[in-house]
Amino acid sequence: EGEITPSMVEWLSSIKDKDLRGCGKFVLTGDMSTLSITKIDLSNMSSLEGDIESLKDMPLTSLILFRCEKLTGNITPQMLDWLSGIKTKNLERTTFTLTPQTFLLLLKGQADFTFFGTLCLPSQDTIQQAPPDVVNGLNAITEVNLTSKKVGFNVAGNIKDLPQSITVLNLELCDQLEGNIKDLPQSITNLNLKYCHKLEGVMPPNIFVLLLEGKAHLKNCGTITMPSADAMAQASPAIIDRFQAIKKVDLSRMSNLA
């Protein structure tokens, strides 16, 4: 174990083939701006801790952080701009966190995030502290597709941190997202949670009705329980009317439904 100082970063980056997985705890420390190198390679340092912020603004042409699984950091608009400008980069098997500002850019499709490995959603607490225009922008989002095919990386975090204004939500194969299905936005009219294995909970009446109507796809999305008769009886009149209007139900292949 030990500290990874600027001089150590320079030395490690000069070693072409290295694998330091399981070699104890390393911590990125020191002022990296003192380095004159343009290429950093800390690949396979799975126990390396620290904040990617310490590398920001270095005039890099290459940044290889493959499998630096314990590095952390918030992806601000400034950090995103800096990373986007690096010609060669590998951030596979890393996990960083979106800020409300970059989350909004992602949902609006206004920036490229495809070079990331995994990005976590910002928490609701963090979102509520963002500038009003950012909060209002997130609250105006109605359609969200966070599948890796669409955004180019894996999404992590909790579904309770999604904008509550969403009507159409596609999270198919987002198997790093967790949370209770009751925390989904009440406004949802179309839902795909296939293979979101870490989700759980009792379906609220509105989601249950969407499932019966064929507008919610919940195959292999964790252990999901149907609402009780009492819960359905307490649903809004509109939900009850839709529930009573259902004539045909197909819940085949829903082995995760309890």
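Basis for what follows: all heavy atoms, side chains included, without hydrogens, waters or symmetry-related copies.
- Separation of atoms CD (Glu178) and SG (Cys196) is listed at 12.0 Å; rounding is to 0.5 Å.
- A donor-acceptor contact shorter than 3.5 Å links the side chain of Asp31 to the backbone of Ser33.
- Residue Tyr195 is not grouped with residue Leu251 when hydrophobic side chains (ILVMFWY) are merged at heavy-atom distances under 4.5 angstrom, including chains of intermediate members.
- Each of Val135 and Leu105 belongs to its own hydrophobic cluster when Ile, Leu, Val, Met, Phe, Trp and Tyr are linked at side-chain heavy-atom distances under 4.5 angstrom.
- For the pair Arg67 and Met45, the minimum side-chain heavy-atom distance is 4.5 Å or more.
- Closest non-hydrogen pair, Met58 versus Ile37, comes out as CE-O, 4.2 Å.
- The line from CD1 of Ile166 to CG of Leu184 is 8.5 Å long, rounded to the nearest 0.5 Å.
- At least one donor-acceptor pair closer than 3.5 Å links the side chain of Ser165 to the backbone N or O of Ile141.
- Counting heavy atoms from C-beta outward, Asn192 and Leu171 have side chains that stay 4.5 Å or more apart.
- The minimum heavy-atom distance linking Val151 with Thr114 is given by the pair O-CG2, 3.6 Å.
- Atom CG of Leu65 is separated from atom CD of Glu69 by 12.0 Å, given to the nearest 0.5 angstrom.
- Under the 4.5 Å side-chain criterion, counting only non-hydrogen atoms from C-beta, Thr99 is not in contact with Pro122.
- For the pair Lys89 (side chain) and Ile86 (backbone), a donor-acceptor distance under 3.5 Å is present.
- Contact between Trp82 and Leu55 at its shortest, heavy atoms only, is CZ2-O, 3.0 Å.
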| message | Run the side-chain contact (heavy atoms from CB on, under 4.5 Å) test on Lys150 and Asn170 for me, step by step, so that the C-alpha distance in whole Å, both residues' side-chain angles and the decisive distance to 0.1 Å come before the verdict. | response | CA-CA 10 Å; Lys150 174 68 175 180; Asn170 187 353; over 6 Å; no
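- Contact check for Leu48 versus Phe26: side-chain heavy atoms found under the 4.5 Å cut-off.
- Between the Asp57 side chain and the Pro59 main chain, no donor and acceptor come within less than 3.5 Å of each other.
- Of all the heavy atoms in Ile181 and Pro204, the pair that sits closest is O-CD, 4.1 Å.
- No donor-acceptor pair under 3.5 Å is formed between the side chain of Thr147 and the backbone N or O of Cys174.
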| request: Give the intermediate values and the outcome of side-chain contact (heavy atoms from CB on, under 4.5 Å) for residues Ile4 and Leu12. | output: CA-CA 9 Å; Ile4 304 299; Leu12 286 168; 4.2 Å; yes
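- No side-chain N or O of Asp161 forms a donor-acceptor pair with one of Gln124 less than 3.5 Å apart.
- Proximity of a side-chain donor or acceptor of Thr95 to a complementary backbone N or O of Thr118 within less than 3.5 Å is not detected.
- No side-chain heavy atom of Lys160 sits under 4.5 Å from any side-chain heavy atom of Ser123.
- Judged purely by atom type and a 3.5 angstrom limit, Thr167 uses its side chain to pair as donor or acceptor with the backbone of Thr142.
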Could you tabulate the donor-acceptor pairs under 3.5 Å formed by side-chain atoms of residues 207-229, not counting sequence neighbours?
residue : atom : partner : partner atom : Å
Glu213  : OE1  : Arg242  : NH2          : 2.8
Glu213  : OE2  : Arg242  : NE           : 3.1
Ser228  : OG   : Ala231  : N            : 3.1

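- Of the candidates Leu91, Leu106, Val155, Ile75, Leu119 forms a side chain to side chain contact (heavy atoms under 4.5 Å, CB included) with just one, namely Ile75.
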| request: Determine, step by step, whether Gln186 and Asn206 satisfy the side-chain contact (heavy atoms from CB on, under 4.5 Å) criterion, reporting the C-alpha distance in whole Å, the side-chain angles of both residues, the deciding distance to 0.1 Å, and the verdict. | output: CA-CA 7 Å; Gln186 291 294 308; Asn206 68 310; 3.6 Å; yes
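- If you check the side chains of Ser252 and Asp250, you find a donor sitting under 3.5 Å from an acceptor.
- With a 6.0 Å radius and a threshold of 12 heavy atoms from other residues, nucleotides or ligands, Lys70 has its NZ atom at or below the threshold.
- The backbone N or O of Leu98 sits nowhere less than 3.5 Å from a side-chain atom of Thr102 that would complete a donor-acceptor pair.
- In terms of heavy-atom proximity, Glu10 sits nearest to Leu35 at OE1-CD2, 3.7 Å.
- Defined by atom type and a distance below 3.5 Å, a donor-acceptor pair is missing between the side-chain atoms of Thr76 and Asn74.
- A perpendicular orientation is assigned to the rings of Phe153 and Phe116, their planes being inclined by more than 60° (bins at 30° and 60°).
- The shortest side-chain heavy-atom distance between Leu80 and Phe113 falls under the 4.5 Å cut-off.
- Annotation for Ser13 and Val9: closest pair OG-O, 2.8 Å, computed over non-hydrogen atoms.
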| said: Walk me through whether Thr88 and Ile64 qualify under side-chain contact (heavy atoms from CB on, under 4.5 Å). | reply: CA-CA 8 Å; Thr88 302; Ile64 311 299; 4.3 Å; yes
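- In this structure the side chain of Asn180 never reaches within 4.5 angstrom of the side chain of Ile159, judged on heavy atoms.
- Using a 4.5 Å cut-off between side-chain heavy atoms of Ile, Leu, Val, Met, Phe, Trp and Tyr, with links allowed through other members, Val144 and Leu173 fall into different hydrophobic clusters.
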